[in-house]
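Shown next, in structure tokens, is the structure this report addresses.
Within every chain, numbering begins at 1; the chains are lettered A, B, ... in the order of the sequence lines, protein sequences first and strands thereafter.
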Amino acid sequence: MNQHLIEMYVAGKMGEAQAEAFEVACLEDPELARQVEFEQRLKAGLEQVSRGSTAEFVRAESSTRWRLAAAASILLFICAGVYVWHQMPGTHPHVLAAVVSDAERNGSSMRLALVRGAEHLPQLPGGKVRVEIVGLFDPGYHYSVMLDRLRESKGELSVATLYGQHATSPVTLEVMIDGDQLEAGTYSLRVRKQASEEEALDFSFVKP
Amino acid sequence: MQVVGGMDFIPGGELSRRIREGDISAESELIRQFEPGLRVLLRRRTGGDQGLLQDLVQETLLVVIQRLRGTGIDDPQKLAAFAAQTARNLAIASLRKAERQKTDVDSEATERKADSTRSVETLAGDLEAALAVRALLRELPQARDRLMLKRFYLDDHDKESICEEMQLTEAAFNQALSRARRRFRQILEERGFTKRDLLSLGL
């Protein structure tokens, strides 16, 4: 029965009221929602593949060329990774640090949140600033926080990385940044759940 | 507490009350329970734009949590319905905003630039499923099974007409479809593609 409803929903064959009720059922049953999402992705994947050529539906394609290209790309990626690793400057532990004292918690602060369509980047004040990062965090996990400087023509320059950070709440993670140690420019702060495939959260700010 | 789909499920009323009382673990629980359903609801309304989908899921959860921390909702038992409606409203607002931006800015060059930035997010999401579909199609032993998927998902034919065309019983059709679904899920879960993997492969 569930499968029939899933097929109807994904194919867009439900009426508005029935679809809305089904969506509420998905919110109340995460496993049902996962099944629906796989069905949505299967349909989307088929549509994407068919946009290239329908030949794949008639006979299996030869994958040798694709595999060779993939192997060459992976090798290139590993070499580039090793090169970048050797070129990386030492980290600066005092530029980026965990929040440890009440003085830090009550001092100067800046809030970073993903705001679609925001026209201006937040500005980092001088001195030690508590940066409150807003997102969805799992308090049971460790997070890494990477601070990079964005350079117009030369790409990103790694400034510092902090590992093993815990969220202060399911929607907040806090770190300290010493604004006095940063040159003027645009910076990116990337927060990633450690030992996980989840997408990183990317934020940008300006040091005037 | 009741069990839904093999997982512990905390009713909306209890979640609302605990969040109102400042219980952070209840906020985590709300995210765990609602995120998969919100992804389903918003995937349908974001047209395959993975970046927008992720933004809207996060925005919805933040709005719901902040509302529960503050004034609360009229009927806490209907927390899932409240979250679903919040997601729909945010998706509509986002669509309206995108439409306004299209009308406000009438420069070809700007549109081209915006499209190229957006396409990285969009394509990465679609490619993940597309790669798994390619792998699935390669693995399917019979050409008939591949054609069956095309008829069902792309050509939107109903089961009866597909069975008739391919001289299949409904049971054989359901079995082949169910096998394909299971394998697709397995491929996605085993490979766990990330956007970075795809970009590193030059896709």
Quick check on B/F34 against chain A: is it the side chain, the backbone, both or neither that has a heavy atom closer than 4.5 Å? both
When heavy-atom pairs shorter than 4.5 Å are enumerated against chain B, which of A/L42, A/V134, A/D138 gives the highest number? A/L42
Using non-hydrogen atoms only, which part of A/L136 is less than 4.5 Å away from chain B: side chain, backbone, both, or neither? both
Residue selection (most heavy-atom pairs with chain A, distance under 4.5 Å) from B/E35, B/E27, B/R88, B/R39: B/R88
Side chain from CB out, backbone as N, CA, C, O: work out which of these in B/L79 comes under 4.5 Å of a heavy atom of chain A, or both, or neither. neither
Please classify the contact of A/E7 with chain B as side chain, backbone, both or neither, using a heavy-atom distance under 4.5 Å. side chain
Engaged part of A/Y9 at the chain B interface, taking heavy atoms whose separation is under 4.5 Å: both
In sequence, state the C-alpha distance, the side-chain angles, and the governing distance for B/L41 and B/T60, and then conclude on side chain to side chain contact (heavy atoms under 4.5 Å, CB included). CA-CA 11 Å; B/L41 184 157; B/T60 305; over 6 Å; no
Under 4.5 Å to a heavy atom of chain A? For B/L30 that would be neither
Under 4.5 Å to a heavy atom of chain A? For B/R69 that would be side chain
Side chain, backbone, both or neither: which part of A/T172 has an atom under 4.5 Å from a heavy atom of chain B? neither
Heavy-atom pair count under 4.5 Å with chain B, highest-scoring of A/E39, A/K43, A/K13: A/E39
Could you walk me through whether B/D49 and B/T46 pass the side-chain hydrogen bond (donor to acceptor under 3.5 Å, both in side chains) check? CA-CA 6 Å; B/D49 184 333; B/T46 49; over 6 Å; no
Hey, what's the ring geometry for A/H142 with A/H166, parallel, tilted or perpendicular (30° and 60° as the breaks)? tilted
Of the listed residues (B/Q58, B/M148, B/R181), which shares the most heavy-atom pairs with chain A below a 4.5 Å separation? B/R181
NZ of B/K78: more than 12 outside heavy atoms within 6.0 angstrom? no
Would you say B/T71 and B/R67 are linked by a side-chain donor-acceptor pair, where the criterion is simply a distance under 3.5 Å? yes
